[in-house]
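Atoms within each ligand, like the ligands themselves, are counted from 1 in listed order. Position 1 is the first residue of the sequence, and the numbers go up from there.
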Amino acid sequence: MPQVEECVKMSNFVSVEDLPLKIVEQLLKRASYFKNGGQPPKFKQPVYAANLFFENSTRTHCSFEMAERKLGLTVIPFDPATSSVKKGESLYDTLLALNSIGVQLAVIRHPQNNYYLPLLDLAPTQQLNLGIVNAGDGSGQHPSQSLLDMLTIKEQFGHFAGLKIAIIGDLTNSRVARSNMQLLQRLGAEIYFSGPQYWYDAAEFGQYGQYLPLDQLIEQMDVVMLLRVQHERHQSEDQFDVTAYHQQYGLTKERYRKMKDDAIIMHPGPINRGVELDSDLVEAPKSRFAEQMRNGVFVRMAMLEAVINGRKLGGI
Ligand code: CP
């Protein structure tokens, strides 16, 4: 159990872009503590949370719910499809309703980039008073994915500085790529990008790392981070050829054999098997896919606890 003064306190948790590295380190340490069987605090009063997922999710949604239950929170079910969102209620009014009936923490996934900004910049007359935890906004941020990725890398290498990390694939649409490149650069990793060049915007990604064709970087990388091809966000799929994509930009068995002995493969999921990587490699020795998902629960416990601390919930 960390000393009281080491407890992370945050009012909301929406982005890793400016998250101080000291806080990142404390959150990863706390997540490891939970992973190693450390017990969560015993809250003196109930803490009520709701998960609002306006985009489909398996990992993030279930993992946040698992984290909430492990922390002893009371989870109020919310399904946008059967909620008054369908009658046109806005996100703010939905949160006002949940907050008014006692929800203190809202975990939100939303298709709109920065949906959370107006919720953090309230007018004095607005009565919303609940912690926002961003579970992914459009192509913007995915802070819990980023922290679980950092935990997975830290477990493998023990450090970030100097690691060569390739982020490969559908960069344009990827909140995972954005969150990870922002955090990894500040942590001292050497970032590379690969995949189709029409998904690599040099003006944005060039500030974080160099673009190289996959075959020029695969042998040197410590981490090969593959991104899901986000078909649902593409305007047109006319040019998309699964076999051609896999051969040119995917992790084939041949490329896998060229990776360094201690290099690892990561993928945020869900995986398009046979596209981003050969289906047989999903559970190959170098793959950390399942470990990433396992780590997600413990990282999310640490994130939720930080907001509970920051808002002095649970009678602590
Ligand atoms: N990695 C991730 O966000 O997966 P889900 O969309 O299943 O939550």
Side-chain angles (χ1 to χ4, degrees), residues 13-17 27-28 31 49-70 75 77-81 105-116 132-153 155 165 167-184 195 199 223-234 251 264-273 275-277 279 281-283 287-304:
F13 206 134
V14 296
S15 171
V16 293
E17 187 168 9
L27 289 166
L28 297 185
N51 301 314
L52 291 75
F53 278 66
F54 297 94
E55 274 186 350
N56 292 351
S57 167
T58 297
R59 272 147 292 275
T60 314
H61 194 165
C62 295
S63 178
F64 263 115
E65 185 152 343
M66 182 64 85
E68 287 154 358
R69 288 170 188 270
K70 280 178 179 267
V75 185
F78 178 87
D79 175 11
L105 288 176
V107 176
I108 306 174
R109 171 171 286 190
H110 202 281
Q112 191 186 315
N113 283 32
N114 298 319
Y115 72 82
Y116 50 80
I132 307 289
V133 179
N134 182 14
D137 62 297
S139 59
Q141 282 283 315
H142 199 340
S144 64
Q145 179 69 44
S146 187
L147 288 173
L148 75 86
D149 287 345
M150 297 309 122
L151 181 60
T152 308
I153 294 170
E155 283 177 345
I165 300 182
I167 307 178
I168 302 162
D170 193 347
L171 295 160
T172 304
N173 294 296
S174 181
R175 53 193 171 218
V176 177
R178 288 190 176 81
S179 307
N180 280 350
M181 71 190 188
Q182 290 163 0
L183 200 42
L184 283 167
W199 285 334
V223 178
V224 174
M225 189 179 286
L226 302 157
L227 301 172
R228 181 173 72 88
V229 177
Q230 300 194 39
H231 296 288
E232 75 279 14
R233 297 192 206 269
H234 298 162
L251 189 65
I264 59 170
I265 306 168
M266 297 175 69
H267 192 304
I271 289 175
N272 294 306
R273 285 176 181 255
V275 182
E276 295 100 44
L277 74 167
S279 185
L281 299 178
V282 173
E283 292 163 280
S287 171
R288 294 294 175 273
F289 180 55
E291 200 58 33
Q292 285 173 271
M293 295 186 282
R294 267 191 287 278
N295 284 342
V297 174
F298 307 110
V299 157
R300 289 173 176 119
M301 287 174 76
M303 292 171 69
L304 290 164

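Among all heavy-atom pairs drawn from Ile265 and Leu226, the shortest one is CG2-CD1, 3.8 Å.
Of all atoms in ligand 1, listed by their number and element, those nearer than 4.0 Å to a heavy atom of Thr60 are 2 (C), 3 (O), 4 (O), 5 (P), 8 (O). Counting the atoms of ligand 1 from 1 in the order shown, those under 4.0 Å from a heavy atom of Thr58 are 5 (P), 7 (O), 8 (O). Heavy-atom contacts of His142 reach the following atoms of ligand 1: 2 (C), 3 (O) (cutoff under 4.0 Å). Residue Gly269 has at least one heavy-atom neighbour below 4.0 Å for each of these atoms of ligand 1: 1 (N), 2 (C), 4 (O).
Tyr115 pairs by the ring-ring contact (aromatic ring centres under 6.0 Å, His included) definition with His110, not counting sequence neighbours. Residues that satisfy the side chain to side chain contact (heavy atoms under 4.5 Å, CB included) test with Pro268, not counting sequence neighbours, are Gln145, Val176.
Looking only at atom types and distance, the side chain of Asp137 has no donor-acceptor partner in the side chain of Gln112 under 3.5 Å away. Of the N and O atoms on the side chains of Asn180 and Ser146, at least one donor lies less than 3.5 Å from an acceptor on the other residue.
When only non-hydrogen protein atoms are considered, atom 4 (O) of ligand 1 lies nearest to Arg59 NE, 3.0 Å.
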Show, in sequence, the C-alpha distance, side-chain angles and deciding distance for Glu17 and Gln141, and conclude whether the side-chain contact (heavy atoms from CB on, under 4.5 Å) test is met. CA-CA 8 Å; Glu17 187 168 9; Gln141 282 283 315; 4.1 Å; yes

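For ligand 1, the polar-atom distance check finds an N/O of Pro268 within less than 3.5 Å of one of the ligand's N/O atoms.
At least one heavy atom of Arg109 sits closer than 4.0 Å to an atom of ligand 1.
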